[in-house]
*Asks:* 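I'd like to ask some things about the structure below.
Letters A, B, ... mirror the listed sequences (proteins, then strands); counts begin at 1.
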Amino acid sequence: MIVKTFDSKKYTNKIEKHAFQKDLINWYDAEKRDLPWRADQDPYKIWVSEIMLQQTKVDTVIPYFQNFITSFPTLNDLAEAEEEKVLKAWEGLGYYSRARNLQAAVREVVEVYESKVPDQPDLLGELKGVGPYTKGAILSIAYEKPEPAVDGNVMRVFSRILAMDDDIANQQTRKKIESCVTDLISHEDPSAFNQGLMELGATVCTPKKPTCLLCPVQEHCQAFEQGIQESLPVKSKAKKQKSLEYFALVFKDENEKYILEKRPETGLLANMWQFIMIDKSEVQKKQLPLYVREKYGWSIKGIKELSPVKHVFSHITWHLTVLEVELEGEIKTEAQASLMKKEKIKELPLPVSHQKIFNQIT
DNA sequence: GAATCGTGGGA
DNA sequence: TTCCCAAGATT
């Protein structure tokens, strides 16, 4: 059997390890930003912050983190909370499965590990939503264990430090860089080492126009030495996204009540609430009254067209034609749909696209 | 391995 | 406008 091996030493041997560690950690200790999740080493709070920070900027996360910890101060509080309250606290942050996975994992920690976040890599990595990066982040930051925590920042920083031209869009590259970090990580302060790499990537070793003149590890950087820092890391481009068109129907009855439905528990915007959507390819606007009568059994008194909503996701763009539809008679809603007043809607977790619709309701 | 899964901000 | 980007994980 042939096993492909990656010789990380081929890269990391070029680095003066202890000087690199010292320069990075001293810089981090002096320059690190004062962020709310750096107030203490509570594994639960570190965990929450790391999940929120996935693919999300620090400035965006700060208020969500503050509110989340106020609402769910401890692991047990989160375990006992209603899922809908958790989703509401996550509303607007995106990637909502993060919130559901976090709560599921926290419940497992309560039941299986007596409410103590595991400090063993294998056990921690089995929890829902805890992948290679988050596992390493919790272990190093909360438990001072010398484990790699390789995110986009670290891949960029290491691509430059080591002058690696591997495509960072390739999954395999993360594993290679994990090996390199394992070679170089400080065993005296793995937390400052890992966070220092990320802090450096976020503030100095930026994707475009890195400020190498301010870099604490400039003298250790192979890319800077070769003058190729602007062309690293190599990253292949994502393909173009699809476009989908829907009617978004704001059904309203005689008592100023609106009809919303809960989305399926898997897939896009799982378990979030929304106004009823109909794929435009299924029905034309003229046919709507007939369609609504056949599918829902409701009679339409009048239709008013509101402003269209365009919403861009990572891989899809929604074009929503928004229609406020007055219904007559008594309304019976199906299992997953509910009739409710505006005040009630405000308590439900809505994706941003449907907040845009809600904000148009008079 | 490639797709899926959100959102807001900046160049 | 359009594109890229941000402390990734899951399927």
*Asks:* With respect to the side chain of Q171(A), which nucleotide from dG8(C), dA2(B), dG6(B) is positioned closest?
*Replies:* dA2(B)
*Asks:* Using atom C1' in both nucleotides, what's the gap between dA9(C) and dG9(B) to the nearest angstrom?
*Replies:* 24 Å
*Asks:* Is the phosphate of dT7(B) approached by H311(A) (side-chain N or O, under 4.0 Å from OP1 or OP2)?
*Replies:* yes
*Asks:* Let me know the distance between CG of L53(A) and C1' of dA9(C), rounded to the nearest Å.
*Replies:* 15 Å
*Asks:* Does L323(A) reach the side chain of F247(A), with side-chain heavy atoms less than 4.5 Å apart?
*Replies:* yes
*Asks:* Quick check: on DNA chain B, is the nucleotide nearest V312(A) upstream (toward 5') of the one nearest N170(A), or the reverse? Name the residue that is more 5'.
*Replies:* N170(A)
*Asks:* Can you confirm whether V154(A) sits close enough to E178(A) that some side-chain heavy atom of one is under 4.5 Å from a side-chain heavy atom of the other?
*Replies:* no
*Asks:* Can you list every stem that DNA chain C is part of, counting only runs of 3 or more consecutive Watson-Crick or G-U wobble pairs with both distances under 3.5 Å?
*Replies:* B:2-5 with C:8-11, B:7-11 with C:2-6
*Asks:* Can you check the distance between dG1(B) and dT10(C), where both ends of the measurement are the C1' atom (answer in whole Å)?
*Replies:* 13 Å
*Asks:* Any side-chain N or O of R98(A) less than 4.0 Å from the OP1 or OP2 oxygen of dG6(B)?
*Replies:* no
*Asks:* Under 4.0 Å, heavy atom to any atom of DNA chain C: which of residues 134-151 of chain A qualify?
*Replies:* T134(A), D151(A)
*Asks:* Can you say whether a donor on the side chain of T56(A) sits under 3.5 Å from an acceptor on the base of dG8(B), or the other way round?
*Replies:* no
*Asks:* Do the side-chain N or O atoms of H315(A) get closer than 4.0 angstrom to the phosphate oxygens (OP1, OP2) of dA3(B)?
*Replies:* no
*Asks:* Just checking, is any N or O donor in the side chain of E199(A) or T203(A) under 3.5 Å from an acceptor N or O on the other one?
*Replies:* no
*Asks:* Hey, which of these two, R156(A) or G125(A), hits DNA chain C nearer its 5' end, going by closest nucleotide?
*Replies:* R156(A)
*Asks:* Go through the side-chain N and O atoms of H311(A) and T317(A) and say whether any donor and acceptor fall under 3.5 Å apart.
*Replies:* no
*Asks:* Does the pair K285(A)/E305(A) count as a salt bridge with the N-to-O cut at 4.0 Å?
*Replies:* yes
*Asks:* Give a yes/no answer on whether the side chain of Q55(A) brings an N or O atom under 4.0 Å of OP1 or OP2 in dG8(C).
*Replies:* yes
*Asks:* Phosphate oxygens OP1/OP2 of dT10(C): is one of them under 4.0 Å from a side-chain N or O of Y95(A)?
*Replies:* no
